[in-house]
There are 6 protein chains.
Amino acid sequence: VVNEAAILAARRNQEAIGIKDLEDAIDRIIAGPEKKSQIMSPKEKEITAYHEAGHALVGNVLPDADPVHKISIVARGMMGGYTRFLPSEDRHFWTRSQLDAVLAVNLGGRTAEKLIFGDMSTGSAHDIEQATKVARKMVTEYGMSDKLGPRTFGRKEEMVFLGREISEQRNYGDKVADEIDSEVHAIVEKAQRLADRVLVENRAKLTHIAETLISIETIEGPELQELFVSPVPKKEEIAPAPQAS
Amino acid sequence: VVNEAAILAARRNQEAIGIKDLEDAIDRIIAGPEKKSQIMSPKEKEITAYHEAGHALVGNVLPDADPVHKISIVARGMMGGYTRFLPSEDRHFWTRSQLDAVLAVNLGGRTAEKLIFGDMSTGSAHDIEQATKVARKMVTEYGMSDKLGPRTFGRKEEMVFLGREISEQRNYGDKVADEIDSEVHAIVEKAQRLADRVLVENRAKLTHIAETLISIETIEGPELQELFVSPVPKKEEIAPAPQAS
Amino acid sequence: VVNEAAILAARRNQEAIGIKDLEDAIDRIIAGPEKKSQIMSPKEKEITAYHEAGHALVGNVLPDADPVHKISIVARGMMGGYTRFLPSEDRHFWTRSQLDAVLAVNLGGRTAEKLIFGDMSTGSAHDIEQATKVARKMVTEYGMSDKLGPRTFGRKEEMVFLGREISEQRNYGDKVADEIDSEVHAIVEKAQRLADRVLVENRAKLTHIAETLISIETIEGPELQELFVSPVPKKEEIAPAPQAS
Amino acid sequence: VVNEAAILAARRNQEAIGIKDLEDAIDRIIAGPEKKSQIMSPKEKEITAYHEAGHALVGNVLPDADPVHKISIVARGMMGGYTRFLPSEDRHFWTRSQLDAVLAVNLGGRTAEKLIFGDMSTGSAHDIEQATKVARKMVTEYGMSDKLGPRTFGRKEEMVFLGREISEQRNYGDKVADEIDSEVHAIVEKAQRLADRVLVENRAKLTHIAETLISIETIEGPELQELFVSPVPKKEEIAPAPQAS
Amino acid sequence: VVNEAAILAARRNQEAIGIKDLEDAIDRIIAGPEKKSQIMSPKEKEITAYHEAGHALVGNVLPDADPVHKISIVARGMMGGYTRFLPSEDRHFWTRSQLDAVLAVNLGGRTAEKLIFGDMSTGSAHDIEQATKVARKMVTEYGMSDKLGPRTFGRKEEMVFLGREISEQRNYGDKVADEIDSEVHAIVEKAQRLADRVLVENRAKLTHIAETLISIETIEGPELQELFVSPVPKKEEIAPAPQAS
Amino acid sequence: VVNEAAILAARRNQEAIGIKDLEDAIDRIIAGPEKKSQIMSPKEKEITAYHEAGHALVGNVLPDADPVHKISIVARGMMGGYTRFLPSEDRHFWTRSQLDAVLAVNLGGRTAEKLIFGDMSTGSAHDIEQATKVARKMVTEYGMSDKLGPRTFGRKEEMVFLGREISEQRNYGDKVADEIDSEVHAIVEKAQRLADRVLVENRAKLTHIAETLISIETIEGPELQELFVSPVPKKEEIAPAPQAS
């Protein structure tokens, strides 16, 4: 266990302790490597379980999304959990309908947090970043905004100094810049509303999956499929797994 | 066969699997090298066939476009198919009418997808990028916008550090930037409407060419010309080719 | 004691003495290393004591903030004092409620200065910088602005020349830029109002903690907890510590 | 003869053939080296002849322009033709009237294309680029815009990294940027109208010169002067030269 | 004595002599090293004396400013004179009131020039630069603008190529940029009005100090304090010092 | 004599001859080294004489300008002539009144061209560039705009890569950028009006000086002073000098 308090203490002689340390800690957690032995507090475990259950449930309900393969809240990296999807075919391209589903699944974790706790956490930072990238590409590279039409926006530039880097040069005016923002916003909001609707309509199942995750931590294979299709069981039917991991 | 699922599985220990992997996969497909042995799903094969048939049919109908030479849906690179044109003469320059036709042909693939499936795919990304470049040059380098007149916009800059790169410096104000966007939009939309009209008016022929492509995968030479001029045959007349490739 | 006047004198032959030297001095003080032996003037000691008491008291009153661990006005670095917090758990992520509390604690120092002296000092520069960073991340990375929604704004870029550096590229239009500013402003102002309210409502306790700090310079452990819970004592009960440090 | 079709064929195995190849071809033609042995199609030869005749005739009619020295449609570089002017004196500077004439001569090629064919070609790209540069300098370096007055706009910067490059830094606000665009536009449009008027008023002579060029390909010396001053002859009077070149 | 005319003459063979040389000369004077042996014209000496007297008098009158230590018009560097202040304490930070006084003192030189001569000189360039920096920091780093609140604006970036440099990246929108300008303007104007009021109300003393400076060139210690407190003497009481220096 | 026509001819095999060559030629003339042996055409000689006479006459009439020392139209560099001023004193700084006069003198050349020929030439490019720099510094560095007040605008940055370069970073918003433009414009226009008025009121003397210059090419010393003060003589009184130079 990397003890955050110990790190903070070690810094005592360098500067006043404040938000800076806490902020660095957030960044390290988000970007950090797998931390198998980390113990989550019960509250964090609960939030994580609902977050992953949200991803999985939206993915299961939407027909254009890939099938859900495994859900786990064993801590690794950012969120302390993950949901894995199985691509349904050897895909060469994506349709707009499929990308809309991908976005809704992506925002499902955050949506579950809001629905259950009325709050949201920094744990969705990576989801949000990916959703923004996909929605932006739909508008600026794939011509999927009816308003902006079949054009690309922005010019990629490769800059080869000593390192190597791709920079994006803006090659459009202020009005188009605002329209791109507006179209990206519309796509993300549409996906958010879709995720909202799925989870509100399936709230009992969401709670059931999350509570199962809290108990047994990882669900996959036939058990996972059963969980999606079966009617919501009563709580006492689930045998709690040992917390150690 | 590069199995996408295998790649995804191999990444399991590195990060939570989500949109990021899917997004990378899209990029790899779009920019990737020829993949002869790849098997397309029937659905993707159908979309590809209509996409290529769209390019070819618009090119065949418009008098200012170059003659169509060959159509194929044997998977290579991005789209899993391609249409090749034969330049009609040893050209020193292009007229505005010819470039308008070039743009309509270019958007023909996407237009066919929309017309037949009511959806659009990431497979048109390269077409859209090229259409944007040509339309932009018409406005900013060739003086073909009546509104903006015979001026060039933007200053090319060669930056020779350790690599080599051309950067474009904006040398105009906000109003002109908006006008350039508006003129590029008008040119692309005009080409889109032209492609729409051609395909709507020739929908039966579009379907016939696409279905022929699904059956025999590659069409060229006299058979291609016959397909364009002949009345649309009944489906059963075409002998399906073996799917193996 | 680094005698500022001596430095100013040493510069006599180089340039006219004016604001430049004073300004440099400010910067050196803000960014400078620990200066244990520095003697503060009584006025500065008083301001520092109220500043730290402000941080501590807001942190103690707000339930979502971490527990206060230690307060000191022994001069080190910028402010000549510091307040240390004990993270309540091994945190994997932060909720919006927790970050709101972090911001209010952060602005507590400045708020105390304004409340007591009707003035504010350059000593809060670091607090303000950190508060701005956190509020900005809430809006642009964590999706915590309801108005802007679950999107990220800005593209991080790593530039590897000879050094190493992260640059942030703006990838949004003017309207969104203004909205981000407006949302960051709203979050910071909300935290400011929260800190205001806490300190106005606990002004007697603020004065008591500050005066205790002036007397004994460092408070921690059970004494600190007692100070928070006990009713405000009369001044003469506190035995002043020797000023030497 | 560089066979463009051969190049296109050689690229078959690399990517789907589309607008990209055609676009590259346009660029190569515009920027390419002299191509003496290239054969132009009759249509291109006709367009080129009118383009060069347009330059020459405007130059001959306007008193402030330099005398025309030679006209040729033997293919070299971009346009497949050229018109050469003889500077009338050892010039130290240019007046505004002379620069206005220079611009009209420059746009004479494009204007002839529009007048005769109702279309315009990429062959004028270089003319347009030069006209824009001159008009821009009139406004931003020579103080020749009455509205913007005797000021310069933009700051030249030399950037000496490993290469060497001049960059132009904008040192003015948005309003001035729009005004510069507007003044450059006004100057170019004025020159365009002047070229229009000259060619409309001398259309018969334009046709005569162009047809002579198609026949004998290069005109210079006394024959050229005679062509400008003589009344327009009947077509059959001109002895066609052999097409080989 | 660096004879400016000689430099100008030496340049005769290189370019037409005009404003460029004069402008370079201004820059050299402003940024130049101490020039002890330089002789000022009587007019420049008078302007310099009033400039320094303005700084000193504002500094003496405002209670939040540091005590004035020495005034001199012996030419060194930019202005040909200087005023030195004695920081009243070993300062760890500055309050807003103190910074407001610092700004008024800073603008006192220029204000005296305007009041006495109805003109202003390039000699205040350094004062203005420093005042702008301080006022800007008050708004963007110290949270001292009530309108913009406790936030920082702009992101410092260290760029380590071969040299070393700090760049400031703008991380806010157009509206905030305008508000920052407006707040900086308000702070500077407030200081300007304060300096105006002090000098108008103490005009006789200003003249007395300036005339004393013209006579004896340097004033410090008890004489300086006496000059501030004593009633304004009659001119003939001062014994003029020899002009040589 | 660098024969411009010869250069143009030498380029025949490289590209179509057009505006580009002419434009390069303009640049070379403006920036070029001294060209003593160059012969000017009579028309250019006349324009040059009035240009230099304009500079000199405005400088002579305005009391805040430095005394005129020498006028010559012997070709060197840009304009083929020059006017030299004698700084009246060993100056440490410049007042606003003096800089206003400097600007009017600077624009005197261009103003004379407009007054006499109703046209203007590229020969004033350097004058305009210098006037813009001075006017811009008055606003952005010397605090001489009453509207913008005692602030500096823009941040100088030294960039030390392999070369060395000063870049100016804009640190203000759009409104201020427009106000700076507007104030610079006002200063330049005021100087232009001043030069206009001086030359209109002294038109006979302007003609007399210019005609004397055409005859004897260089005027300095007592003859120059006499020319300024004496009533305008009749033309035949001046003995023409030999044209050879």
Side-chain angles (χ1 to χ4, degrees), chain C residues 1 3-5 8 12-20 22-23 25-26 29-30 38-41 43-44 47-48 75 78-80 107 110 117 119-125 127-129 131-132 135-136 161-165 167-168 170 174 176-182 184-185 188-189 192, chain E residues 33-34 52 55 66 69-70 76-79 81-99 102-103 105-106 126-127 129-131 133-134 137-138 141-144 148-153 155 157-162 164 169-176 179:
Chain C
V1 180
N3 193 313
E4 200 167 353
L8 292 176
R12 280 179 198 174
N13 294 325
Q14 293 165 337
E15 56 181 324
I17 293 175
I19 287 188
K20 179 72 179 65
L22 302 176
E23 199 196 344
I26 294 173
I29 287 165
I30 288 174
Q38 250 175 349
I39 295 164
M40 275 195 277
S41 72
K43 185 67 193 171
E44 286 196 341
I47 294 176
T48 302
M78 172 185 67
M79 194 56 210
L107 296 177
R110 175 185 189 268
F117 306 104
D119 203 349
M120 56 187 97
S121 75
T122 56
S124 300
D127 295 339
I128 290 172
E129 187 185 359
T132 304
R136 193 167 179 82
F161 298 90
L162 298 186
R164 181 189 175 89
E165 157 195 27
S167 167
E168 197 186 289
R170 181 174 147 176
D174 295 342
V176 164
D178 288 342
E179 280 172 3
I180 289 170
D181 285 334
S182 164
V184 170
H185 187 78
V188 170
E189 285 298 313
Q192 178 68 70
Chain E
E34 188 173 330
E52 297 305 327
H55 282 313
D66 287 332
H69 186 64
K70 182 178 177 182
R76 31 182 96 210
M78 172 185 67
M79 193 56 209
Y82 61 93
T83 300
R84 209 154 66 218
F85 296 89
L86 190 69
S88 58
E89 46 180 325
D90 227 342
R91 191 173 274 130
H92 287 78
F93 42 82
W94 296 73
T95 65
R96 182 158 64 173
S97 316
Q98 288 166 337
L99 292 178
V102 158
L103 290 174
V105 170
N106 183 267
H126 187 68
D127 294 339
E129 187 185 0
Q130 294 307 322
K133 278 191 190 168
V134 169
K137 287 197 168 194
M138 289 172 72
E141 297 185 19
Y142 305 148
M144 290 181 179
L148 286 165
R151 290 166 62 195
T152 53
F153 300 93
R155 210 170 74 90
E157 255 177 26
E158 204 165 319
M159 302 206 289
V160 189
F161 298 89
L162 299 186
R164 181 189 175 89
Q169 198 187 21
R170 180 174 148 177
N171 60 357
Y172 43 83
D174 295 343
K175 276 187 198 169
V176 164
E179 280 172 3

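So that the names make sense, note that chain A is the first sequence line, chain B the second, and so on, each numbered from 1.
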- Note on the structure: Correct closest heavy-atom pair for E/Gly173 and C/Ala177 would be CA-CB, 3.8 Å

- Item | Rounded distance [0.5 Å steps], NE2 in C/His185 versus CG in E/Leu148 | 7.5 Å

- Name of the residue among C/Arg110, C/Glu129, C/Met120 meeting side chain to side chain contact (heavy atoms under 4.5 Å, CB included) with E/Pro150: C/Arg110

- Note on the structure: E/Ser97 meets the side chain to side chain contact (heavy atoms under 4.5 Å, CB included) criterion, sequence neighbours left out, with C/Asp119, E/Asp64, E/Thr95

- Task: Under 4.5 Å heavy-atom distance to chain E, tell me which part of C/Glu189 shows up: side chain, backbone, both or neither.
- Result: side chain

- Task: Output yes when a side-chain donor or acceptor of C/Thr122 lies under 3.5 Å from a complementary backbone atom of E/Trp94, and no otherwise.
- Result: yes

- Message: Out of E/Met138, E/Arg96, E/His55, return the one with the most heavy atom pairs under 4.5 angstrom to chain C.
- Response: E/Arg96

- C/Ser121 and E/Phe93 have their tightest heavy-atom pair at CB-CD1, 3.7 Å

- Under a 4.5 Å heavy-atom cut-off, does chain E meet the side chain of C/Ile180, its backbone, both or neither? neither

- Counting heavy-atom pairs under 4.5 Å to chain E, which of C/Val184, C/Ile128, C/Leu107 comes out on top? C/Ile128

- Main-chain N/O of E/Val176 paired with C/Asp181 side-chain donor or acceptor, under 3.5 Å: no

- Note on the structure: Smallest heavy-atom separation, C/Thr132 atom then E/Thr152 atom, equals OG1-N, 2.8 Å

- Task: Only counting residues at least two apart or in another chain, list the ones meeting side-chain hydrogen bond (donor to acceptor under 3.5 Å, both in side chains) with E/Arg151.
- Result: none

